[in-house]
Amino acid sequence: MSDILNKGYDPAEIEAKWYPIWEKNGYFHADETDTQRPPFCIVYPPTNVTGTLHMGHALTVAIQDMIIRWRRMRGDNVLWLPGTDHAGIATQMVVERNLKVTEGKSRHDLGREAFLERVWQWKHEKGGRISEQLRVLGASLDWERERFTMDEGCSHAVRETFVRLYEEGLIYRADRLINWCPRCMTALSDLEVEHKEGVPGELWRFAYPLADGSGEIVVATTRPETMLGDTAIAVHPDDPRYQAFIGKNVKHPLLGYEFAIIADAELVDPEFGTGAVKVTPAHDPNDFETGQRHKLKIINILNSDGTLNEQAGEFAGMDRFEARKAVKEAIEKSGFARGRNDYAMSIGGCQRCGTVVEPYISKQWFVKAGPLAAAASQAVRDRETVFVPETWEKTFFNWMDDIRDWCISRQLWWGHRIPAWYCSDCGHISVSRDDLTACAKCGSAAIVQDEDVLDTWFSSALWPFSTLGWPDETPDMQHFYPNAMMETGFDIIFFWVARMMMMGIHLLGKTPFATVYLHAMVRDHEGRKMSKSIGNVIDPLDVVYGIGKDDLLAKRRADAEALGIAPKQVERIVKDTRKLFAKGIPTSGADALRFTLLSMVGQGRDIKLDVHRVEGYRFFANKIWNASRFALMNLKDYDPQADIDPSAYGLAERWILSRLRRATLTANEGFETHHYDQSAMAVYHFFWDEFCDWYIELAKPTLYAKDDNPAARAATQRVLVRVLDTALRLLHPFMPFVTEEIWQALPKSEDHGPTIMLAPYPTADEFADAEAFAADEAPMAAIQAVIRAARNIRGECGIEPGRRIPVVIQAAEAERRDLLNRYAAEIRDLARIDTLDIVDHYDKQGPAAKGVVTGADLFVPLAGLIDIDEEIARVTGQLGKIEKELNGIDARLSKESFVSRAPAEVVQKERERAEDLRAKQAKLAEHIAELKG
RNA sequence: AGGCGGGUAGCUCAGCGGUUAGAGCACCGGCCUUACAAGCCGGGGGUCCGCGGUUCAAAUCCGCGUCCGCCUACCA
């Protein structure tokens, strides 16, 4: 206790202290044998591969840890399934790039096994770092479990899934046109291609001469080099311009071979370009399908690295973009060029490296997604899985209802290797759960396993159950499947959420989670994505610990330079940063950062993070600290065991308990309806605006008057402890560290365990007594109004806060006078009044400043305090406001339609309000008249 | 092209059918009042994007428009 009394709020110190204690008390591990408490299982999404948390991770961690702490406190048996980006292209790319830079080697130089060992090293090192960073925020990542599930459990599950789907015909191998990244040298799924629109380009035209020499047909293209693989020209069957051309042959202007002009209504839009389309089945998805329809020849002109192959004749060996120029030049030279237009095209880039993706013919493995998606959609339609916010369901259906087969093979080394073996004797493909040494069909030993690995998201799709031990019947499986909740950013609905649902439903017959809670994305203060190349990344740890301007500048410069950003751009980043962070980023602590993020978890799509806002919530943490110091200072003689008669509670005690009850209800409602920001704000405002600004101030007289009234003092202490204890528990999911530190120091009547997270989350049940105190809110409001009015006069008349003033309160009703009299001491204190007279009628002895509240008038005799003209101006201002509102209400009330059609209580309320305002108006007008007269 | 979300105080955002539209930061005036200057007290500031409609009542519901952002899509 004394610790807190003597120190200021120091987040760093507290944050270092409590984490081990939470860990020791089993916070991060559920008990799979515990069948008494309701299970709650939540999935944790991938962290990144660079070993640095970004703000998006901090948000995810904050939300999940908040939910988990709340669930824990409610008594649920919580299991958190952590995960990392355990088998991605990104990981391989980063390690490979590293290898190249430090040793000048490629993964092929190292060999498969040695390379994978490198990747594991990398994963462990970065994973460990991420664990550390998560601790700072109050959360955890179980790295050992992660390694296990990747190595053994998950591999087991992946093979089981692959074999089953293969046997059911839901996984197949085929030659298809897929997305190929020439830099990563691998196939990609449709989702891994990012489309950029409006890239400036050109629509370039050239002519194919008819083979019989009778003319030519002009086509338009954005990718001239693909003409080396053209095997048809297509026109619309109804296009009058081309009727005579259909069926004729053209001659390739560069390669000499001939092919036909065909009619195809599906491919050709006669309005576009020249109305004639060159068809390249090997390098364009539409053309590929046209090729299938017309049984066209498929000529692949590309190598896997994006250079042209031997099919390209003299252009073989050139890079695709070089070849584009070369082909154009060659055609121009031979006289077949037919002009150009500027044209904004859309380009697909590799999600990981940004390289322009090529449609490329190759043999790959696919998942037949249709039936799986239909079942997943149905589960959502049947409300077995609910999306929060619900609006995402539409997005989900949009994609699911029009899903295409999923290319799952990747030409990489890092990942789960495809469990298929090819027999060179009989050609049979054996797909097996166990490693094979002989062909399953002919028994030949001449088999070789597929070199490719599976898409990261294939194994990720199994996460909700592979981590629980599936396909074995484990206690974890029985207890925690289906999971209660999936919490993640909406950017991976398709990548991950949808696929987990498809797999979970298909393999286990049950949707993997009851609720999908999707949170917004963290963006910079201008709403841009945080990105190192824009230079607007805010590292959550920099907010927690704070960072000086120079360090921040250096960091951003280094990040940008490491990415190879142009020097001019780097200078711009530095300039912007210097402007925005002239003082660096102040130390805010994990609690403040968490609270900021959580208070902004609305249902929108973006969270524009302004670091200055974090500072505001750090002030809040400080406020909690200081209010607690005040309490502890005044609790030295407090006996937690003492019997307190609630009848000793004063109005302030009953009022604060009633307000606390309301805050508790709001907080719980927020949690239950996923409006977490509502919970956070309710407690924030209770704590600061009501507890600190009013209750503590009202409690001071009782607490300071040491022995005047021991019963009242004891009652006040009891309420002080109770409010603080409850408020801390309410706040714990948002600000775990500071609440724990203080809660530990509070005197308690019973053993409260080693940590606040084992204490119950406050609910209405704790406030059976306070329900009746709701009746005390109105009288309290009356007292607050009087105090505010007195303060207003003081403030507006420029009376120094130190100076005590005389006040006369005139109240016609005896009841009101009684109330004010009972709280005269508090009113005097809070409004800094020396003599307070409460009368039924005030006979003014001279000019006075006047304030009006409902049921009472306040007078401050002028006597050298106040300038008459200023007082007139002040009151005239107030009168103006009142009249403006009154006019509005009168207008409403004078409308017959309002009085007759609006609900009676609304009309009644308006009438009362009007009456009240009219009384105030009259009093103020009279006051002005007196002053003038 | 389709779908989704948003435009509220100088900034970042709450409110989403009923009293005088709120918060944090910023701003103005006054205070080191024995928990807290990371604070206290008082104050100023808003055609709630535009137009139309529904309603006794609209920032809130509906329609159209406009601007911004995101997602999905095979237009050469």
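Lettering follows sequence order; numbering is per chain, from 1.
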Can you check the distance between [N] and [M], where both ends of the measurement are the [atom1] atom (answer in whole Å)?
N: G53(B); M: G17(B); atom1: C1'; answer: 16 Å
N: U60(B); M: G18(B); atom1: C1'; answer: 11 Å
N: G6(B); M: G15(B); atom1: P; answer: 10 Å
N: G65(B); M: C70(B); atom1: P; answer: 22 Å
N: A26(B); M: U47(B); atom1: C1'; answer: 24 Å

Handout entry: All pairs passing ring pair (Phe, Tyr, Trp, His ring centres under 6.0 Å) where residues 268-287 of chain A contributes a residue, at least two apart
Key = F272(A)-Y343(A)
Fill in the blank from the handout: Hits for salt bridge (Lys or Arg N to Asp or Glu O under 4.0 Å) against E796(A), two or more places apart or cross-chain, chain-then-number order -> none
Exercise for the section: Please identify each residue that fulfils salt bridge (Lys or Arg N to Asp or Glu O under 4.0 Å) with R176(A), with sequence neighbours left out. Expected result: none
Which donor-acceptor pairs under 3.5 Å do the side chains of residues 896-905 of chain A make with protein atoms, sequence neighbours left out?
| from | atom 1 | to | atom 2 | distance (Å) |
| --- | --- | --- | --- | --- |
| S900(A) | OG | E896(A) | O | 3.0 |
| S900(A) | OG | S897(A) | O | 3.4 |

Is the base of [N] touched by the side chain of [X] through a donor-acceptor pair closer than 3.5 angstrom?
X: R901(A); N: U55(B); value: no
X: E697(A); N: A35(B); value: yes
X: K394(A); N: C4(B); value: no

Need one value for [X]: base, sugar-phosphate or nothing, where a base atom within 4.0 Å counts as base even if backbone is also close, heavy atoms only.
X: D693(A); result: sugar-phosphate
X: F396(A); result: nothing
X: R791(A); result: sugar-phosphate
X: R892(A); result: sugar-phosphate
X: I889(A); result: sugar-phosphate
X: G348(A); result: nothing
X: P903(A); result: base
X: N398(A); result: sugar-phosphate

Candidate nucleotides [options], ranked by approach to the side chain of [X] - the nearest:
X: N792(A); options: C71(B), A76(B), G42(B); value: G42(B)
X: R913(A); options: G18(B), U72(B), U20(B); value: U20(B)
X: R629(A); options: C36(B), G43(B), C70(B); value: C36(B)

Practice task
Please check the phosphate of A35(B) (OP1 and OP2 only) for any side-chain N or O of N634(A) closer than 4.0 Å.
Solution key: no
Problem - side-chain N/O K623(A) vs C40(B) OP1/OP2, d < 4.0 Å - result: yes
Problem - Qualifying residues under side-chain hydrogen bond (donor to acceptor under 3.5 Å, both in side chains), relative to R205(A), sequence neighbours excluded - result: N341(A)
Please enumerate all protein N or O atoms sitting under 3.5 Å from an N or O of nucleotides 21-32 of chain B, with distances to 0.1 Å.
none

Handout entry: Distance-only polar pair, side chains of R293(A) and T290(A), donor-acceptor under 3.5 Å
Key = yes
Problem - Rounded distance (nearest 0.5 Å) linking atom CG of L724(A) with atom CZ of F630(A) - result: 11.0 Å
Problem - For RNA chain B, the residues among residues 874-887 of chain A that have a non-hydrogen atom under 4.0 Å from it - result: K881(A), E885(A)
Exercise for the section: Not counting sequence neighbours, list each pair that qualifies as a salt bridge (charged side-chain N to carboxylate O under 4.0 Å, His left out) and has a residue in residues 679-700 of chain A. Expected result: R659(A)-E690(A), E697(A)-K700(A)
Problem - Pairs involving residues 615-628 of chain A, ordered by first then second residue, that meet salt bridge (charged side-chain N to carboxylate O under 4.0 Å, His left out) (sequence neighbours left out) - result: none
